[in-house]
Protein chains: 2
Amino acid sequence: MSHSVYGRLMAVDREQILRSAAALLTRKSTATMDEVAKAAGISRATLHRQFAGRDALIKALEALGLTQLEAALDAARLDEGEATGAVRRLVAEVEPVAGFLAFLVTENQLFEAEAMNEGWNRIDDRISALFRRGQESGEFRIDLSPAWLTEALYGLVGSGAWAVQDGRVAAKDFQFMIVELLLGGVRRSA
Amino acid sequence: MSHSVYGRLMAVDREQILRSAAALLTRKSTATMDEVAKAAGISRATLHRQFAGRDALIKALEALGLTQLEAALDAARLDEGEATGAVRRLVAEVEPVAGFLAFLVTENQLFEAEAMNEGWNRIDDRISALFRRGQESGEFRIDLSPAWLTEALYGLVGSGAWAVQDGRVAAKDFQFMIVELLLGGVRRSA
DNA sequence: ACCGAATGAGACATCTTTGTCTCACCAGAA
DNA sequence: TTCTGGTGAGACAAAGATGTCTCATTCGGT
């Protein structure tokens, strides 16, 4: 029997397809199934065999993105140690899934489904809680709401991912740029 | 003759259409011409009379967005006074066109045209120059590149516009949130 | 070498969107 | 009132995307 082998190979393929699809759809959200297939290096037929249709593809994209984001939050151990360190770990862990995050943030058409809104809210809450913890511990300023800081983090990560993908900044600077700007801002510390 | 009257009314209508189109397409970039028309409160026929087709609509959207952004940069007088103050003025002036900016940033499909890339580069350069000026004057830290700061500003403005439009934060806080986070970061100044 | 599963290429009908057109209607100016 | 330019509603063909199917080919395991 080779079930496990095939299963693993297919899983890898699916994830690879979803990654390239996320990258493409982030740049051109009107991309055709044919374009998605070509971007993944497969035929449209195979794409359709893996994902029943466009809706299924989008749903899978959303599901995998949310799953990976949750995993990143877990790995970052947001409630351990100082909030500052947790933010650094968060950005570091989020980096590999930044493409997915950018896609999920911009693709609000999905949110009409109400269903996965829940998964998104869970992530929002966890990140908000981190910022709130930092405020209560005195590390973070209190005149910026956790909700806004969460949104801002999404925006910065998205900008960072796009800038890297577009070659405007080096990938190795991703984490540093985002963390430093988010934590310290652009003004020179006196 | 009523040329001027009709001309003015049509101009107002066109801009109103473009504004609602930008708002809609930012959320759902696959929106139909029919949906765009409904969102603008007009019929699809009238929409087609104003804009020859979808491409023309997108181009007009891009043209107006860039024009308004340039106007905002002019009004902000980026090269006057301290860089910090210029950043504050910039965010304040950009606020009314934040919806357009969010649309332009996410809609990279246009950038295949190479043509208006020039207009976008001009804006990039002006904002980058502001950050560089702040670094040279000693106001801003020098370990974050002007290119990244420019991208980050786009991301923050986009996030802010989306958060306001979505009711997650109050519109009156828009400017404060963005400027404060961009300038000072989340860490409490010691 | 053989076999089976998966793939790529392409044909095909169907559905959606687009772009154009016509016609009835309404509001403002003469 | 009468005329006129703009609009909304709807019909229509054309173009594009989608989803399904078939068949030849290729790749991996036996």
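Just so we're on the same page: letters track the sequence lines, and every chain starts at 1.
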Side chain to side chain contact (heavy atoms under 4.5 Å, CB included) assessment of A/K59 paired with A/F51: CA-CA 10 Å; A/K59 280 200 65 171; A/F51 305 97; over 6 Å; no
Polar pair under 3.5 Å, donor/acceptor by atom type, side chain A/R49, base C/dG8: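 It does, because a donor-acceptor pair links the side chain of A/R49 to the base of C/dG8 below 3.5 Å.
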CZ-CG distance between A/R126 and A/D124, expressed to the nearest 0.5 angstrom: 12.0 Å
Reported CZ-to-CD distance for the pair A/R141 and B/E180, which is rounded to 0.5 angstrom: 4.5 Å
In whole angstrom, what separates [X]'s [atom1] from [N]'s [atom2]?
| X | N | atom1 | atom2 | value |
| --- | --- | --- | --- | --- |
| B/I42 | C/dC26 | CD1 | C1' | 17 Å |
| B/H48 | D/dA11 | NE2 | C1' | 15 Å |
| A/M33 | C/dT16 | CE | C1' | 15 Å |
| A/D55 | C/dC15 | CG | P | 16 Å |
| A/F51 | C/dT7 | CZ | P | 11 Å |
| A/D34 | C/dG10 | CG | P | 11 Å |
| B/R44 | C/dT22 | CZ | P | 16 Å |
| A/Q50 | D/dT18 | CD | P | 18 Å |

Residue closer to the 5' end of DNA chain D, A/E35 versus A/A52 (nearest nucleotide): A/E35
Nearest to side-chain heavy atoms of B/T46, which nucleotide of C/dG8, D/dG19, D/dT7: D/dT7
A/T32 vs D/dA17: side-chain N/O to OP1/OP2 distance below 4.0 Å: yes
A/R133 side chain near A/E82 side chain, heavy-atom distance below 4.5 Å: no
